[in-house]
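Everything on this sheet refers to the single structure shown next.
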Amino acid sequence: MAEQQLSKTLERIKGQFSDQIVDLHTSLGMDTVIVPKTIIFELVRFLRDDPDLKFNLLSDLTAVDYFKRNPRFEVVYHFYSLERNTRVRIKVPVAEPNPEVESITPLYKIANWLERECYDMVGIRFANHPDLRRILLYPEFKGHPLHKDYPVTRRQPLVGPQDSMA
Amino acid sequence: MEVMNQGGFESGFFTSKLDKMIGWVRKYSLFQYPFVTACCGMEYMAVASAHYDLDRFGAALPRFSPRQADVLLVVGTINQKIAPVLVNVYEQMTAPKWVVAFGVCTCTGGFYDDYATVRGIDHILPVDVYIPGCPPRPETVLNGLMMLQEKIQNSKQEI
């Protein structure tokens, strides 16, 4: 990665977690940090509590399936600081089998439902989540529809004809 | 009105068939159950309110208890998760009952060809009238309603 002028946010994160960070860059004006899943909880706590960062809003939490790449999944967090009007994106690569990361629900209450959605759609498990159930789909649903290898014509109706094109 | 024209009141009586008489009564006293799940609901409100005035067809009274309703108006996308609820509502309605698929999502699933959506409510319910459109124009809805009334008038009446 070519040397570039780091933003204040990235400078601060690098100062704290320098040896553990996988990558650190600014893409289209968005500060992005890629970290291993082992430090995600500590990093998020730092983002929230550090007086120079104050990322007090978790605006999104989602995951991406990079099918056929290893590690296959990437959990993506977007934080916003209301006070500093600054955003940061955190990416955590997660490998198969049993993709799992630490839940950040103890730090941000909104993470509860976002992590449930992430589990429902992409099948990422969140360790220490208080109630990791499906949130959008029904409990009988098998698999995770946003997996790239979920068959596009597969249907799982609760009532009516059970054929796959229903 | 066919019923009125046969004989008329001056002679003190008029003749009809029981089926026709009951059909005439039923088609002008439709109580609807609006099962509204999506954006078509806005169009439904436009039809039901004063500008298009569904009331002049004797069909404007929404009942939010399936036991009091005659027409199940399915308005909006039906996904796999809510499908059992819709079937449950239909089964709670007392006969005679009719089902109207309002909007293209209820007719065929519309552009939702995915894991979540029922591709047309006729997979799970018997549908009497399909009203296409995304959403349907109010005139289309009124036309659909009149087609339903015609169907009721001309069908064998279960008593």
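Here is how names work: the chains are called A, B, and so on, in the same order as the sequence lines, proteins then strands, and each is numbered from 1.
- Cluster membership for Leu72(B) and Val141(B), using ILVMFWY side-chain heavy atoms within less than 4.5 angstrom, is not shared.
- In terms of heavy-atom proximity, His123(B) sits nearest to Pro161(A) at O-CD, 3.2 Å.
- At a heavy-atom cut-off of under 4.5 Å, chain B is reached by no residue from residues 27-44 of chain A.
- Across all non-hydrogen atoms, the minimal contact from Val159(A) to Ala83(B) is CG2-CB, 3.7 Å.
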Pair Arg155(A)-Thr117(B), side-chain contact (heavy atoms from CB on, under 4.5 Å): steps then yes or no
CA-CA 9 Å; Arg155(A) 304 287 181 265; Thr117(B) 310; over 6 Å; no
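- Criterion: ILVMFWY side-chain heavy atoms under 4.5 Å apart, direct or through other members. Under it, Val76(A) and Leu114(A) are not part of a common hydrophobic cluster.
- Within residues 84-111 of chain A, no residue has a heavy atom under 4.5 Å from a heavy atom of chain B.
- Criterion: ILVMFWY side-chain heavy atoms under 4.5 Å apart, direct or through other members. Under it, Tyr150(A) and Tyr66(A) are not part of a common hydrophobic cluster.
- Shown here is Glu150(B), whose CD atom has no more than 12 heavy atoms of other residues, nucleotides or ligands within 6.0 Å.
- Grouping the Ile, Leu, Val, Met, Phe, Trp and Tyr side chains by contacts below 4.5 angstrom, directly or via other members, places Leu73(B) with Met146(B).
- Residues of residues 139-147 of chain A placed with any heavy atom under 4.5 Å of a heavy atom in chain B are listed by number as Phe141(A), Pro145(A), Leu146(A).
- In this structure, the portions of Leu137(A) lying under 4.5 Å from any heavy atom of chain B include both its backbone and its side chain.
- In the displayed structure, Arg67(B) atom CZ is contacted under 6.0 Å by at most 12 heavy atoms of other residues, nucleotides or ligands.
- Residue pairs meeting the ring-ring contact (aromatic ring centres under 6.0 Å, His included) criterion with at least one partner in residues 53-107 of chain B, sequence neighbours excluded, do not occur; the list is empty.
- By the criterion of side-chain heavy atoms lying less than 4.5 angstrom apart, applied directly or through intervening Ile, Leu, Val, Met, Phe, Trp or Tyr residues, Val122(A) is grouped together with Leu58(A) in one hydrophobic cluster.
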